[in-house]
Amino acid sequence: MTRKECNFLLFSITLCWSSSYIFIKDLPADLSSYAYLTLTSGIAGILLLLIFHRSLRRLSRKTILPGLTLAVLLAGNMLLEKAGLALIPSSSASFLASLNIIIVPVILLLFRKLPSRNNVAGIVVILAGILISSGASFAGTSVSGILYMLGACAVMSLYTVVSADFTKNSDPLALSVLQIVFSAVIGWVLWFFEDAATFMHIEWSHRMLSSIFILAFFSKAYAYIMLMYAEKYADAISVTIIAATEPVVTLTLALLIPNAQGATETFSLHALLGALVIALGAIVAGLDFLSGRKLEPPEEKQEPSAPISAEPPPKPERYPHLRQFLLTMVPFAVLGAAFKVMVLAEGLTEVRPANAIPIVTGLLFGPIGGLGCAVGNLIADCFGTLNLTSLLGLIGNFMAAYIPYRMWHALSLEQPNVHTWKNIFLYIWISAVGAVSCAWILGFGLELFFSLWIDTIFKYVLLNNFCFSIALGLPVFALMCSDCIRLTRWAVRSQISRLTWYRATPGQ
């Protein structure tokens, strides 16, 4: 995995954690932190165990102990943060929580790992941006609250450093599953001792269940899998610097995405200035112009090729098309149903992170990926928006996957990947074409076949498909194409070798 692909993964994690605040607001105010930890980690753990149970058959003490350690650190961070937030204002807490950008380099210094000059300069600029945007003031603030938040920040910093070390020697997938499962167990034990009877008194609404599932899927399952794989290739400082851009992402989402009442956050000049300074600091930290010598980019370092094995090749996958179809249809249907609460056009569309799936599965699985998206969209519509117009959604989502698949193999002789900037731009281009195709089918299909013209439907569908294809689809696709995820048994094989022979043969 190249450095830019790793950064895509880290930024998508920041996006998930930033957007989680939108759904946390929909949870009951009296829902305890222990209950929140238990429900979200429990659902995420069940999903991961169902999907990746085969990968956990070879677990050993070498992997179990790091997974338990990471879960304990996560639980400790949450407990300290919960105590601190009860004593000090949220603005002060936000600033103190961001101090891990200083604590992480200090911990690394204890292990004799020195940050670069650009890292130091970028950290200083980011801190200035955080201070500008938060406007934290500690006058009259509880000293105990400050100490609790600093403790939470120190524990999270230790988690970042330790997890970056664990992922170098353990299976990232097993680590992510284990720490989520252990976190759920720790949360349940703490919830039980706090007040186990509260489970029976929770008011389970459709919106609350959707928010719980969305938080479990994105802020737990997705985020920690991506984090473990990213930290296998990135150092702790890089992870911390990209995570420090969370205020920038939060500000953008708050301005664009309405809350449950349909209102968005108001514009703040000092918040915008702080976000710009933070972004500048992240750029400075990611470059190396202050170094005395030119550093070789990590992506240009090639790993030694594996020795040729005398073992026979693995047996071909049984029913590969069925596996491709299920790997596409199930997540599309689940995500599509969960986000039905965030309506954009009544009865037609909503905020849809599931629209990141067509571009990924289309490139990996071809027409089968398109079919999985079409059926998954139809199943999701059964949870509140199923009508005759769902036929247009079926066609549109199939084409959103199939057209990018055809375009890639028409424009490139490579198997789909985003290892180079050329392929990244190609991915963005075919994502845009796929998004326009889907928006055109739904927007003009409604007018042509149902005499129903909605001015905003084309824009909503276009932005849903394109933005999520870039924000979530690109990092997922980067991970799927990396050297740590092998989908060669499941991915569709193109006619690349035949095309290469044809173009290279004289006289043809």
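Quick caveat: nothing in here was measured; it's all calculated off a predicted structure.
- P66 pairs by the side-chain contact (heavy atoms from CB on, under 4.5 Å) definition with F166, S170, L175, not counting sequence neighbours.
- Across every non-hydrogen atom of I470 and P475, the tightest pair is O-CD, 3.6 Å.
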*Could you walk me through whether T40 and S219 pass side-chain contact (heavy atoms from CB on, under 4.5 Å), step by step?*
CA-CA 9 Å; T40 54; S219 67; 5.6 Å; no

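- Scanning all heavy atoms of the two residues, the minimum distance from L472 to C16 falls at CD2-SG, 4.3 Å.
- The side-chain contact (heavy atoms from CB on, under 4.5 Å) test applied to L10 returns C6, N7, I13, L227, A230, A234, V239, I242, not counting sequence neighbours.
- For A333 against A380, the heavy-atom pair with the smallest separation is O-CB, 3.8 Å.
- In this structure the side chain of L74 reaches within 4.5 angstrom of the side chain of Y224, judged on heavy atoms.
- Atom CG in L158 sits 10.0 Å away from atom OG1 in T69 (nearest 0.5 Å).
- Contacts of S163 classified as side chain to side chain donor-acceptor pair (under 3.5 Å), with partners at least two apart in sequence or in another chain: E231.
- The distance from the OG1 atom of T63 to the CG atom of N169 is 10.0 Å, given to the nearest 0.5 Å.
- Listed by chain and number, the residues in a side chain to side chain donor-acceptor pair (under 3.5 Å) with N377 are R352, N397 (sequence neighbours excluded).
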*Run the side-chain contact (heavy atoms from CB on, under 4.5 Å) check on L215 and Y36 step by step: do they pass?*
CA-CA 10 Å; L215 289 166; Y36 167 75; 3.7 Å; yes

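- Take F217 and apply the side-chain contact (heavy atoms from CB on, under 4.5 Å) test, not counting sequence neighbours, and it matches L47, F213, L335.
- Annotation: side chain of I103 is not in contact with side chain of L150 (no heavy-atom distance under 4.5 Å).
- Checked against side chain to side chain donor-acceptor pair (under 3.5 Å), Y222 has the following partners two or more places apart in sequence or in another chain: S12.
- I424 meets the side-chain contact (heavy atoms from CB on, under 4.5 Å) test with K4, F8, V418, W421, I428; sequence neighbours excluded.
- Contact annotation: the side chain of T361 approaches that of C373 to within less than 4.5 Å [non-hydrogen atoms, C-beta and beyond].
- No side-chain donor-acceptor contact under 3.5 Å links K232 to the backbone of M228.
- Rounding to the nearest 0.5 Å places CG of L37 at 7.5 Å from CG of L190.
- Residues satisfying the ring-ring contact (aromatic ring centres under 6.0 Å, His included) test with Y148, not counting sequence neighbours, are none.
- When all heavy atoms of S431 and F466 are compared, the closest pair comes out as C-CD1, 4.0 Å.
- The two residues I359 and A356 make their nearest non-hydrogen contact at CG2-O, 3.4 Å.
- Of the inter-residue distances, the one linking L80 atom CG with C153 atom SG reads 11.0 Å to the nearest 0.5 angstrom.
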*Test side-chain contact (heavy atoms from CB on, under 4.5 Å) applied to L48 and I225, step by step*: CA-CA 10 Å; L48 294 179; I225 285 180; 3.4 Å; yes

Contacts table for residues 176-188: side-chain donor-acceptor under 3.5 angstrom, sequence neighbours left out:
unit_1	atom_1	unit_2	atom_2	d
S176	OG	P172	O	3.2
S176	OG	L173	O	2.7
Q179	OE1	Y159	OH	2.7
S183	OG	Q179	O	2.6

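- Inter-residue side-chain proximity for Y229 and T167 is flagged as unmet; no heavy-atom pair is nearer than 4.5 Å.
- By the ring-ring contact (aromatic ring centres under 6.0 Å, His included) test, Y427 is found to be paired with F477, residues two or more places apart in sequence or in another chain being considered.
- Closest non-hydrogen pair, V360 versus G473, comes out as CG2-O, 3.4 Å.
- The closest donor-acceptor contact from the side chain of S41 to the backbone of T38 lies at 3.5 Å or more, if one exists at all.
- A 4.5 Å side-chain heavy-atom check between N355 and S469 finds every atom pair outside the cut-off.
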*Please test V375 against F325 for side-chain contact (heavy atoms from CB on, under 4.5 Å), starting from the C-alpha separation and ending with a verdict.*
CA-CA 9 Å; V375 176; F325 175 78; 4.0 Å; yes

